[in-house]
Number of protein chains: 2
Amino acid sequence: MSKIDDVAKLAGVSKGTVSNVFSRKRPISEKVQKRVLEAAKELNYTPNHIARSLVTKKTMTISLSMPSAKRISLTTFHTNLINGVITEASLHNYRILIDTLAQEELELPFLSGNVVDGVIVLNPKVDDTRLDYLTKYNIPAVVIGEPSAKYKNLVSYVDNNNQEIVEEVTTYLLKKGHRRILYLNAPTKMTVSKVREAGFLQAFADLGISNNESLIHFKESLYEDPSQYGYDTVMKYFAADKDRYTAIIADTDKEAIGICRAFRKLNIKFPDDVAIVALSDDLVLSHELEPPIPTVDMQAEALGKTSVQMLFHQIKVGDYPEISRAVVKAKFHSREQ
Amino acid sequence: MSKIDDVAKLAGVSKGTVSNVFSRKRPISEKVQKRVLEAAKELNYTPNHIARSLVTKKTMTISLSMPSAKRISLTTFHTNLINGVITEASLHNYRILIDTLAQEELELPFLSGNVVDGVIVLNPKVDDTRLDYLTKYNIPAVVIGEPSAKYKNLVSYVDNNNQEIVEEVTTYLLKKGHRRILYLNAPTKMTVSKVREAGFLQAFADLGISNNESLIHFKESLYEDPSQYGYDTVMKYFAADKDRYTAIIADTDKEAIGICRAFRKLNIKFPDDVAIVALSDDLVLSHELEPPIPTVDMQAEALGKTSVQMLFHQIKVGDYPEISRAVVKAKFHSREQ
DNA sequence: CTGAAAGCGCTTACAG
DNA sequence: CTGAAAGCGCTTACAG
C-alpha cells in the first residue's frame with residue numbers, strides 16, 4: 001500500500017496538504033487538489049484510517065452489544081432495530097461492530113481498547129458487566145430498553161411506552177366486552193414485565209372493572225421456542241375449559257402463531273371464540289394468520305435510530321456525557337376498518 | 001486514559017516490557033510481570049488497540065458484507081450464518097464489522113482504509129463492486145455462495161452442494177411416485193438457480209423419467225414477501241386445476257408457509273393431495289405446520305464457520321492469498337421415521 | 001493557501 | 001530476561 005508520503009512526493013506537495021485534500025479540513029486550491037488526487041489515483045492511495053484514528057481519537061465506529069447466550073437469535077424486532085442503527089450510523093459515516101455477550105465474557109474486548117467511540121446496549125440485565133464497565137470508564141453508551149435500578153441514573157436509555165401501550169390494548173379488549181383476559185407476559189426477570197403488568201392492571205382500574213377472572217402469566221424463561229411456548233400455554237389453560245378466557249394478549253407475534261396453532265387443534269375459532277392481540281409486529285408472520293390479528297408495532301427501527309442519535313450527542317459532548325432519556329411510542333394496529 | 005508510558009514509569013520498567021506483559025510475545029519474569037499488572041490496575045490502564053494496529057498491521061477485525069437494498073432483511077438462514085461467523089471469529093479473538101451495500105455505495109468505507117483484515121461477502125452479484133474492489137487491492141476475502149464467472153477464479157468461496165441436494169430431493173419425490181412436480185426455484189438472476197435446475201433435471205434423467213409434466217418456475221425478483229409469493233404462486237397454478245401437480249419443491253421455508261396457507265384456502269390437503277418439500281430449514285417455522293413438511297437444512301452456521309476459517313487461512317498466507325473452495329453439504333430431513 | 005515538525009500510543013529489531 | 005530508540009501513517013498547531 002502506498003502512503004501519504006508517496007502521494008505528497010509525486011504531487012510535489014507536503015503531507016499536510018495531501019491530508020487536507022482528503023479530510024477537507026482546510027481549503028486547498030483547485031490546482032493543487034487536482035494534482036494530489038491524480039497522484040493518489042496513480043498510486044492507488046487510500047488513507048489509512050487506523051493511523052488517522054490514532055491521532056484524532058475517533059474510530060468512527062460504534063458497537064452494538066447484542067443479547068446472546070451461546071447463539072444469537074435474531075427476531076424481526078432485532079432485525080428492524082439493527083436496520084435503524086445502521087441507517088442512522090451510516091448517515092454520519094459511522095461503522096457498526098457486532099458485540100456479543102459471549103465475547104464480553106472473555107475480555108470485554110470491544111468496549112476496551114479505544115476501538116469504538118460508543119456503544120449501544122441491547123437487553124440490559126439486572127447485573128450487567130457491560131454497564132459496569134461502560135460507566136466505570138465513562139464510555140458513551142445508550143441502552144435500548146429499561147436498565148435496572150442500579151444503572152438507571154448512570155446511563156442514557158431509550159425505551160417504548162410499555163405501560164401505556166399495554167394499557168391501551170387492554171382497554172381495547174375491555175371495551176369490546178372481554179372480562180376474562182389471559183395476558184402472557186414476559187418473564188419476571190425482565191424489567192419490562194412489571195411495567196407492562198402495571199399497564200394491564202391500570203386499564204381495569206380506569207374502567208372500574210374487576211380483574212378477578214383475568215390472569216397474568218409470566219413466561220418461564222426456559223422456553224426457547226416462542227411459538228411452542230404459545231402452543232403449550234394455550235393447551236394448558238384451554239384444554240380443560242375452552243371458555244375459561246375470551247381474549248389473549250401475547251407477548252410476541254411468534255407466540256401468537258403458536259397460540260393460533262393450538263386453537264386450531266382445540267377447534268377454537270379466533271377471533272370469534274377468543275380474541276388475540278400480539279405485541280411486536282412482524283410483516284411476514286402477520287400474513288400467516290387468517291384473519292390477521294391485531295398487533296402492536298414496537299417501532300424497533302425508530303428505537304435503533306433514536307439510540308444512535310442519543311449516542312452521537314454524547315460522543316460530541318465529550319468527557320462528561322449527559323444522561324438522557326427518550327421514549328419511542330409503540331403503535332397499536334387493531335386491524336379494524 | 002493512561003498510556004503505556006505511565007504504567008512503565010510506575011512499575012519502574014521500560015515500555016517494551018509493559019508491552020510484552022500484555023501481548024505475551026516474549027517471556028517476562030514473574031516479579032516484573034506482577035509489578036506491571038499492579039501498576040496497570042492502579043492506573044486503569046488498558047492497551048490502545050488502535051496504536052497497536054498501526055504497527056502490527058492487523059486490526060483483528062473482519063467485515064461481513066451483507067446483502068441489502070435499503071433495508072437488511074435477516075432470515076433465519078442469515079441469522080444462523082452470522083452465528084457461525086461470530087463464533088468462529090471470536091475463537092480467534094476477531095471482531096465483526098457489519099457492512100451493508102448502502103454503505104458500500106458511498107465509498108466502500110469498510111473495505112478500504114485498512115480497517116479490516118479481511119471480508120466475508122454474502123450474496124455475490126453478477127457485477128459486484130465489492131469483489132472488483134477486493135480483488136483489485138488483493139484484500140483477503142471469502143464469498144459465501146457461488147460468485148459469477150467473472151470472479152470465480154479470482155476469489156475464494158464456500159457454497160452448498162446445491163445441485164446434489166436438489167437432485168436428492170427430486171429423486172425422493174420421484175421414488176415416491178410423483179411425476180408432476182412444481183419446482184419454485186430462485187430467481188434466474190441468482191446463479192444458484194441454474195445449478196439447482198440442473199440437479200432437478202438430473203434426477204429425472206437418472207431414473208429415466210420424463211419431466212414433461214413437471215415445471216420449474218423461477219421466482220420473479222420483485223416479490224418482497226416470500227410467504228406471499230408462495231401463496232400467490234400456488235393460487236396461480238392450482239386454482240383452476242387442483243390436480244395439476246402432486247408435489248411442490250419450495251425454495252425457502254417461508255415460501256412453504258405461504259404455500260400451505262394457499263392449500264388450506266383451496267382445501268387441498270398436504271401431504272396427501274400434494275407433497276411439499278422446502279429448502280432451508282427454520283426451527284420456528286417448521287413447527288407451524290401440521291404435519292411437519294420435509295425440509296433441507298442448508299447448514300448456514302457451518303457455511304459461516306467455514307468461510308471464516310478460509311479467511312483466516314488467507315490472512316495468514318499474506319500478500320498472495322491462495323484461492324480456495326469449499327463445499328458444505330446440506331442435509332435433507334424427510335421427516336420420516 | 002502551503003510546509004516542516006512534533007506527536008498520537010504502541011511494537012519491534014537491536015544490543016546487552 | 002530487559003532497555004533505548006526507531007518507526008507505523010497519519011493530523012495538527014505553528015509559522016509563513
Side-chain angles (χ1 to χ4, degrees), chain A residues 1-37 39-40 43-61 93 109 112-117 137 318-319, chain B residues 1-37 39-40 43-61 93 107 109 112-117 137 139 318-319:
Chain A
M1 283 307 273
S2 52
K3 40 199 205 180
I4 202 168
D5 305 72
D6 304 328
V7 179
K9 227 161 273 171
L10 184 60
V13 297
S14 75
K15 299 196 302 182
T17 300
V18 176
S19 171
N20 282 294
V21 165
F22 282 95
S23 67
R24 305 164 193 275
K25 290 212 177 167
R26 68 184 188 194
I28 302 288
S29 67
E30 285 262 337
K31 310 173 230 176
V32 173
Q33 182 151 316
K34 199 183 156 209
R35 249 193 303 152
V36 168
L37 289 176
L43 297 171
N44 264 343
Y45 170 74
T46 146
N48 182 321
H49 288 196
I50 297 293
R52 174 182 291 171
S53 290
L54 183 57
V55 21
T56 60
K57 307 287 180 206
K58 289 264 165 269
T59 61
M60 301 303 280
T61 305
N93 286 313
S112 68
N114 323 78
V115 156
V116 299
D117 296 341
Y137 285 97
D319 282 351
Chain B
M1 285 305 274
S2 52
K3 40 197 204 179
I4 202 169
D5 304 74
D6 304 330
V7 178
K9 225 162 273 170
L10 184 60
V13 297
S14 75
K15 299 196 300 182
T17 301
V18 177
S19 171
N20 283 293
V21 166
F22 282 94
S23 67
R24 305 166 194 275
K25 290 212 176 168
R26 69 185 188 194
I28 302 289
S29 67
E30 284 263 335
K31 308 173 228 174
V32 173
Q33 182 153 320
K34 198 183 154 205
R35 250 195 302 153
V36 167
L37 289 176
L43 296 171
N44 264 341
Y45 170 74
T46 148
N48 182 321
H49 288 196
I50 297 292
R52 173 181 293 171
S53 291
L54 184 57
V55 22
T56 60
K57 307 288 178 205
K58 288 264 165 270
T59 61
M60 301 303 281
T61 306
N93 286 314
E107 283 188 50
S112 69
N114 321 78
V115 154
V116 299
D117 296 341
Y137 284 97
I139 297 170
D319 280 352

Next item on the list: Would you tell me if any nitrogen or oxygen in the side chain of A:S29 comes within less than 4.0 Å of OP1 or OP2 on C:dT2?
Entry: yes
Margin query: With a 4.0 Å limit, can you tell me whether A:T17 has a side-chain N or O closer than that to the phosphate oxygens OP1/OP2 of C:dG3?
Written below: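 So the side-chain polar atoms of A:T17 do come within 4.0 Å of the phosphate oxygens OP1 or OP2 of C:dG3, strictly under.
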Pairwise [atom1] distance for [N] and [M], with rounding to whole Å:
| N | M | atom1 | answer |
| --- | --- | --- | --- |
| D:dA6 | D:dT2 | P | 23 Å |
| C:dC14 | C:dC10 | P | 24 Å |
| D:dG16 | D:dT12 | C1' | 16 Å |

Check: Which part of the nucleic acid, if any, lies within contact of B:F22, taking any heavy atom under 4.0 Å across all strands shown: a base, the sugar-phosphate backbone alone, or nothing?
Finding: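 The answer is nothing, as B:F22 stays clear of every strand by at least 4.0 Å.
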So, for [X] and [Y], which heavy atoms are closest and what is the spacing to 0.1 Å?
| X | Y | answer |
| --- | --- | --- |
| A:S53 | A:K58 | OG-O, 2.9 Å |
| A:V32 | A:T17 | CG1-CG2, 3.7 Å |
| B:A40 | B:F22 | CB-CZ, 3.7 Å |
| B:M60 | B:N93 | CE-O, 3.8 Å |
| A:A11 | A:R35 | O-NH1, 2.7 Å |

Length of the [atom1]-[atom2] vector between [X] and [N], whole Å:
| X | N | atom1 | atom2 | answer |
| --- | --- | --- | --- | --- |
| A:R52 | D:dT11 | CZ | P | 5 Å |
| A:H49 | D:dT11 | NE2 | C1' | 13 Å |
| B:K57 | C:dC10 | NZ | P | 17 Å |
| A:K9 | D:dG9 | NZ | C1' | 13 Å |
| B:N48 | C:dG9 | CG | P | 7 Å |
| B:K15 | C:dT12 | NZ | C1' | 11 Å |
| A:I50 | C:dT11 | CD1 | C1' | 15 Å |
| A:D5 | C:dG3 | CG | P | 14 Å |

Checklist line | Contact nearer the 5' end of DNA chain C, comparing A:Q33 with B:S19 | finding: A:Q33
Notebook entry, point to check: In terms of the nearest nucleotide of DNA chain D, which residue is placed more toward the 5' end: B:V13 or B:A51?
Noted result: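 That would be B:V13.
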Checklist line | Watson-Crick and G-U pairing of DNA chain C, under 3.5 Å, as dot-bracket with | and [ ] | finding: |||.||||||||.|||
Next item on the list: Would you give the length of the straight line joining atom CG of A:L10 to atom CG of A:D5, rounded to the nearest 0.5 angstrom?
Entry: 12.5 Å
Item checked: Distance, nearest 0.5 Å, that separates CZ of B:R52 from NZ of B:K57 -> 15.0 Å
Note to self: So if I take every side-chain heavy atom of B:Y45 and compare against C:dC10, D:dC8, D:dC10, which nucleotide ends up nearest?
What the structure shows: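 Selected nucleotide (nearest to the side chain): C:dC10.
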